[in-house]
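Presented below is the structure to which this report refers.
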Amino acid sequence: SFEERLQYLVWSWSGHLICNGLLKPALFLQAIGSPSEEKFGHRQGLHILIMGDPGTVKTHLLRAMRNLVPGSRMVSAESASQAGVVAACQQAEDMYTGKKRWALTPGALALTPKESICCIDELNLYKGDFGDFNNALETGEVFVSKVVSGRVATPCSVLAAANPKAGQKKKFVRGISFLQQLGLDITVIQRFDAIFVLLDEANYEQDQLIGYSVLGRSTDPDKTPEDLDSIRKYIAYAKTFDPVLGDDAVDYIARRHAEKRQESKGSDYLRSHRQVPSLRRFTLAAARFDLCEVATIEHVKFAERILSETLNEQDPGLIAGDQPAADRDFRKSVAKLFVSYTTAKGVYENIDYRFVVDHAK
């Protein structure tokens with residue numbers, strides 16, 4: 001089946017890297033990409049952010065993606081200048097006159113081919129201009145107007161990894177917004193189609209698999225992996241397909257989006273309309289992998305499963321910069337208890353908090 005083939009190629013490519021859920025299938029679909037569309041300006045690139053505790057194979061996943069897709073680049077945002085990621089005005093030697101002159105120097109995003117992946121590690125430590133970075137991800141181009149003026153094309157997909165800046169041993173602290181701990185601006189976060197969180201937690205089965213993997217023992221010795229060159233050829237062939245959404249798939253996506261917006265109507269944050277183009281891109285990438293000319297509901301539902309494991313879908317409030325949903329719900333429950341106390345007692349001034357605590361208990 002479609003999913004069995006995908007899981008087999010993902011295992012062949014990165015079976016030695018153990019992580020949660022559907023992250024690796026999502027990365028494989030990112031390698032395949034989706035067709036672009038001019039009317040609404042849908043980009044072909046899929047942008048994915050992996051944020052998590054140290055030791056959760058983020059950097060290994062970035063290296064694996066760089067090796068999977070020819071032409072891909074990997075850069076550490078911590079040590080990169082502005083030109084190292086996007087572009088910058090710098091003095092360069094004129095090849096004809098030998099004199100120094102100002103020139104627009106492209107960075108890693110501009111130097112990565114359209115069908116490849118730019119892997120950016122330690123994004124939270126980037127010291128460059130995030131305004132240019134946002135434009136690069138959203139529109140696929142950056143206009144620079146400083147000492148010299150020019151346009152830099154950045155149509156590639158972006159895979160970024162980030163660690164929390166603070167916390168004990170730079171691990172995420174529970175009860176505090178993930179995004180606050182990363183120190184990234186909300187506008188940067190909203191440019192990513194899928195945000196995965198990898199937490200370093202004790203899990204017996206997964207920890208055992210990691211132990212086998214680190215010791216070089218295959219977790220499935222009866223299976224024979226496909227070689228990397230064949231996987232690359234499969235991806236290259238899949239990219240020759242330009243699927244479109246079938247009518248049933250379009251109706252399903254639109255209906256489910258409206259239903260989820262209704263379900264979130266009573267909460268603090270509505271489901272974002274940005275989820276629709278993200279789901280479209282993952283769906284068309286899945287259809288490409290399946291070598292289909294028309295994306296079906298099966299492809300949509302698989303893309304839905306991938307996005308259901310992302311922060312974008314699980315907690316829209318976090319993407320908007322608020323506290324985690326559990327903390328917001330707790331805050332609401334406390335407020336309701338306080339209102340119920342004042343209503344029951346008919347007292348609205350000079351309330352001793354100890355009486356409210358007893359009422360809450």
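Count residues from 1 along the sequence. None of the values given here were measured: they were computed from a predicted structure.
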Are any side-chain N or O atoms of [X] and backbone N or O atoms of [Y], one a donor and one an acceptor, separated by less than 3.5 Å?
| X | Y | value |
| --- | --- | --- |
| T139 | N135 | yes |
| T310 | L307 | yes |
| T154 | A136 | yes |
| D290 | A286 | no |
| E313 | A194 | no |
| K58 | A160 | no |

Under 4.5 Å between any side-chain heavy atoms of [X] and [Y], yes or no?
| X | Y | result |
| --- | --- | --- |
| V300 | T296 | no |
| P25 | F28 | no |
| I189 | L49 | yes |
| Y126 | V86 | yes |
| H273 | R261 | yes |
| E122 | S76 | yes |

To the closest 0.5 Å, what do you measure between [atom1] ([X]) and [atom2] ([Y])?
| X | Y | atom1 | atom2 | answer |
| --- | --- | --- | --- | --- |
| K24 | I306 | NZ | CD1 | 13.5 Å |
| F196 | L311 | CZ | CG | 10.5 Å |
| E226 | Y8 | CD | OH | 4.5 Å |
| I48 | L27 | CD1 | CG | 5.0 Å |
| L22 | S308 | CG | OG | 7.0 Å |
| N163 | L123 | CG | CG | 11.0 Å |

Honestly curious: do [X] and [Y] fall in one hydrophobic cluster under the side-chain, below-4.5 Å linking rule?
| X | Y | result |
| --- | --- | --- |
| V294 | L291 | no |
| V85 | F143 | no |
| M51 | L199 | yes |
| W11 | W13 | yes |
| F338 | V334 | no |

Apply side-chain contact (heavy atoms from CB on, under 4.5 Å) to residues F133 and R191 and explain how you reach the verdict.
CA-CA 10 Å; F133 183 79; R191 295 300 186 272; over 6 Å; no

Looking at K223, I want to see if its NZ is surrounded by more than 12 non-hydrogen atoms of other residues, nucleotides or ligands under 6.0 Å.
yes

State whether the number of non-hydrogen atoms from other residues, nucleotides or ligands found under 6.0 Å of K127 atom NZ is greater than 12.
yes

Residues that [X] engages under ring pair (Phe, Tyr, Trp, His ring centres under 6.0 Å), provided they are two or more places apart:
| X | answer |
| --- | --- |
| H60 | none |
| Y237 | F241 |
| H47 | none |
| Y234 | F289 |

When you compare the side chains of Y252 and E304, does any donor N or O come within less than 3.5 Å of an acceptor on the partner?
yes

Taking atom types as modelled, find out whether S230 and D227 have a side-chain donor-acceptor pair closer than 3.5 angstrom.
yes

Result block: side-chain N/O donor-acceptor pairs under 3.5 angstrom for residues 108-120, not counting sequence neighbours:
from	atom 1	to	atom 2	distance (Å)
T112	OG1	A108	O	2.6
S116	OG	P70	O	2.7

Identify which one of V57, I18, L17, L215 satisfies the side chain to side chain contact (heavy atoms under 4.5 Å, CB included) criterion when paired with I210.
I18

Salt bridge (charged side-chain N to carboxylate O under 4.0 Å, His left out) partners of [X], counting only residues at least two apart:
| X | answer |
| --- | --- |
| R232 | none |
| D229 | K233 |
| R66 | none |
| D121 | none |

Can you check side-chain contact (heavy atoms from CB on, under 4.5 Å) on R151 and V142, steps first, answer last?
CA-CA 6 Å; R151 170 184 171 277; V142 177; over 6 Å; no

Under the side-chain contact (heavy atoms from CB on, under 4.5 Å) rule, what do D242 and R288 come out as? Steps first, then yes or no, please.
CA-CA 7 Å; D242 286 329; R288 259 188 173 179; 3.0 Å; yes

How far apart are the closest heavy atoms of [X] and [Y], and which atoms are they?
| X | Y | answer |
| --- | --- | --- |
| L184 | N124 | CD2-CA, 3.8 Å |
| G52 | T56 | C-OG1, 4.2 Å |
| Q30 | V158 | NE2-O, 3.0 Å |
| F192 | I195 | CB-CG1, 4.1 Å |
| A303 | L279 | CB-CD1, 3.6 Å |
| A87 | V152 | CB-CG2, 3.8 Å |

Between R274 and D193, does any NZ, NE, NH1 or NH2 come within less than 4.0 Å of an OD or OE carboxylate oxygen?
no

Going by side-chain hydrogen bond (donor to acceptor under 3.5 Å, both in side chains), name the residues that satisfy it together with R256, two or more places apart in sequence or in a different chain.
E259

Would you check, one step at a time, whether the test salt bridge (charged side-chain N to carboxylate O under 4.0 Å, His left out) holds for E3 with K301?
CA-CA 11 Å; E3 289 191 35; K301 289 185 176 181; over 6 Å; no

Would you check, one step at a time, whether the test side-chain contact (heavy atoms from CB on, under 4.5 Å) holds for F130 with D185?
CA-CA 8 Å; F130 271 112; D185 192 77; 5.9 Å; no

Between F2 and H299 (judged by ring centroids, cut-off 6.0 Å), do the two rings come close enough to count as a pair?
yes

Could you note down all residue pairs passing salt bridge (Lys or Arg N to Asp or Glu O under 4.0 Å) where residues 96-108 supplies at least one of them, sequence neighbours left out?
D94-R101

If you link ILVMFWY side chains whenever their heavy atoms are less than 4.5 Å apart, which other residues fall into the same cluster as V339? By chain and number, please.
none

